[in-house]
Protein chains: 2
Amino acid sequence: MTTIQDVARAAGVSAMTVSNVINGHPNVRPATRERVMAAMTRLDYRVNVAARNLRKGRTGTIGLAVPEIDRPYYGRLAAALIAAAARHGLRVAVEQTGAVRENELAALSLSRNRLYDGLILSTVGLGPADADRLRTDHPLVILGERIFGGPVDHVAMPNVDGAHAATRHLIDRGCRRIALVCGPLAGETDVSGLRHSGYTRALTEAGLPVQPDLVRTVDRLTMAAGAAAARELAFGGRGVDGVFCVTDTVALGVLRGLADCGVRVPGEVKVIGFDDVPESAYLVPSLSTVDPDHDLMAARAVDLLVQRIERPGQALERQEFVSPFRVVARESTAAD
Amino acid sequence: MTTIQDVARAAGVSAMTVSNVINGHPNVRPATRERVMAAMTRLDYRVNVAARNLRKGRTGTIGLAVPEIDRPYYGRLAAALIAAAARHGLRVAVEQTGAVRENELAALSLSRNRLYDGLILSTVGLGPADADRLRTDHPLVILGERIFGGPVDHVAMPNVDGAHAATRHLIDRGCRRIALVCGPLAGETDVSGLRHSGYTRALTEAGLPVQPDLVRTVDRLTMAAGAAAARELAFGGRGVDGVFCVTDTVALGVLRGLADCGVRVPGEVKVIGFDDVPESAYLVPSLSTVDPDHDLMAARAVDLLVQRIERPGQALERQEFVSPFRVVARESTAAD
DNA sequence: TTGTAGGCGTTATCAC
DNA sequence: GTGATAACGCCTACAA
């Protein structure tokens, strides 16, 4: 393994000069530069990033902790984050937490151990009770959920308002018995809880009753669970004419489940999701949804993190960014 | 920032003892261990991974370079790879190359700079001509494509045979004029080229003519391109009764495009994809496809890489693994 | 069971 | 414009 010292010896200069050449510093005579470059090529020299990291106290890598990278929403997000990080010269290491609280804390811990310059944590398992564990001077941005009064920077989805708009959209299209398919409602701080309240508010404002039997809770927000939920709803004889699904992934399953029961969408039941995953536009029927502007969220998250990374120790004000959104009307909620 | 020295001082021991405690070495008296642990907690000590990496010559991180992480196929693969790597105590940094050759080489370069212990490269842009640039003693596994005679370990998709089986499946279901939707056919070494030959062979074996006008080439393997291609095919008056799409993503677009033209699937045209992306089972109609066993591919890729990492410098035989596959028959190719 | 010495490869500082 | 020196924080030998 060739080191900077080997190159220096070969080029008849000091290690420092080699370093200056590598890092493109001025004040290196062209002739010297040439000689050094030649030696580097000849010896096939490669910088040792680990050594540089130690010296600089930076790794140039940020961590991204998400439940599962193969869920379209997280894939979409990760793509945007990696691109945004690259614009700042940062790489992204992806950790999968499986939505398990312990794994989310483990990712946090790795980051604090300076494996990463900072961490973007798309948390599902942590709640207000964990606020203390998040209190850290290590750069950290929470993404997606709302942790009330948490002590960290936060990029939030427009959960309540987006859900409200989605439900409102169904109402505007004539739906009166609107079901909700969501995850466990364990509080108000996670996606399901927040979107549930948006749903409730929209119904109430429209003078529609909020009926618990129209809220279908599934364990995990997967396509399989969505399909199963739809099969039950459709056969329940509840006269459902609209379904708001907390995520597009669940909605995709719901569309499948309704097809299994021979229920026509949007004819008999209209369906809307949340996330605007790339697939949604191409489904048959194409899926109406709420687009939270992933690219903007990603850019903001990275910006916030970079701020912290570049001003270490500075007690900046805690910052929060709630993404704007828009309802994307497609075939699944088309007027009859 | 507390170092191991600070802890040592605070606990009244040497740095070495602290290190032993951290790494769970035996031969530390319980009382001493207690004292050290207490000091670590009190001072909020955290190991500096960069320093450890430098010392050990390992980073504990492998790189994964894929075109775009938000394409379902790569998401699925990344999820499996991250899980497989985690079983070996390795983390995964994801780089997006956008399928651009230069970016693929850049990822290679980063890895060689010991930013990563090794690299898994899902290459699209590199071909046989780049074999020399891949000749490296740094751990590297090429994933997905076939680089003929390349000098590196390789985990390959069952491209030719899988495509053959998919086409054969359409023939078995009664199709006689089978179209292919694929990427640019610039050679035999990329997905499209290989799957094209599988398609051709199946037709020939069945005594069916290979008609160039039934091969639709699209620039990028996206849903949008698939939809556009399907709209043309359906209107071309070519009497197409089956379509083999080189990837599920393209197939998803094709299904959409056919729906736009009012063509019934599988009634008028049958469609099959390749990859068995999670969404495929839930589409309406659900998509028949070729399942290349992502988890197995991922596990093998990581195994190969770990072998190289653990026996640095050893000139192991170049290894190749071609994943088995199976045709998954779903609604999109159901008998009439 | 614990401590001492030294170096992993790089770069900031400051002198020449 | 170039070089000597000294860290960055950790861990492997070896010594006690």
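Bear in mind the structure is a predicted one, so any value in this text is a computation, not a measurement. In the text below, chain A, chain B and the rest are named by the order of the sequence lines, each starting its count at 1. Values reported hereafter were calculated over all heavy atoms of this structure, with side chains retained and with hydrogens, waters and symmetry mates removed.
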Notebook entry, point to check: Are the side chain of A:Ser323 and the backbone N or O of A:Pro292 linked by a donor-acceptor pair below 3.5 Å?
Noted result: yes
Check: Can you check the A:Met16 CE to D:dG1 P distance for me, whole Å?
Finding: 15 Å
Tabulated below should be each protein N or O lying under 3.5 Å from an N or O of nucleotides 7-10 of chain C; please produce it.
{"from": "C:dG7", "atom 1": "N2", "to": "B:Arg55", "atom 2": "NH1", "distance (Å)": "3.2"}
{"from": "C:dT10", "atom 1": "OP1", "to": "A:Tyr45", "atom 2": "OH", "distance (Å)": "2.3"}
{"from": "C:dT10", "atom 1": "OP1", "to": "A:Asn48", "atom 2": "N", "distance (Å)": "3.2"}
{"from": "C:dT10", "atom 1": "OP2", "to": "A:Ile4", "atom 2": "N", "distance (Å)": "2.6"}

Checklist line | From B:Asp295 atom CG to B:Arg76 atom CZ, the distance as rounded to the nearest 0.5 Å | finding: 4.5 Å
Next item on the list: Grab the CZ-C1' distance between A:Arg35 and D:dG3 for me, whole Å please.
Entry: 13 Å
Notebook entry, point to check: Between atom CZ in B:Arg29 and atom C1' in C:dG3, what is the gap in whole Å?
Noted result: 13 Å
Notebook entry, point to check: For B:Arg33 and C:dT1, what is the distance between atoms CZ and P respectively, to the nearest whole Å?
Noted result: 11 Å
Notebook entry, point to check: From B:Leu134 CG over to B:Thr123 OG1, what is the distance, rounded to the nearest 0.5 angstrom?
Noted result: 7.5 Å
Note to self: Test your reading of the model: is there a side-chain donor-acceptor pair from B:Gln96 to the backbone of A:Ala79, 3.5 Å cut-off?
What the structure shows: yes
Note to self: Determine whether a donor-acceptor pair (N or O, by modelled atom type, separation under 3.5 Å) exists between the side chain of A:Asp153 and the backbone of A:Val141.
What the structure shows: no
Check: Think A:Thr32 has a side-chain N or O under 4.0 angstrom from the OP1 or OP2 of D:dG1?
Finding: no
Checklist line | Presence of A:Thr17 side-chain N/O under 4.0 Å of D:dG3 phosphate oxygens OP1/OP2 | finding: yes
Notebook entry, point to check: Rounded to whole angstrom units, what separation is found between the CZ atom of A:Arg58 and the P atom of C:dT11?
Noted result: 15 Å
Margin query: What is the separation between atom NE2 on A:His25 and atom P on C:dT11, rounded to the nearest whole Å?
Written below: 8 Å
Item checked: Distance in angstrom units between A:Asn27 CG and C:dT13 P, rounded -> 15 Å
Item checked: Rounded interatomic separation in angstrom, taking NZ from A:Lys56 and C1' from D:dG9 -> 18 Å
Margin query: Can you see whether A:His294 engages A:Asp275 through a side-chain donor-acceptor pair at a distance of less than 3.5 angstrom?
Written below: no
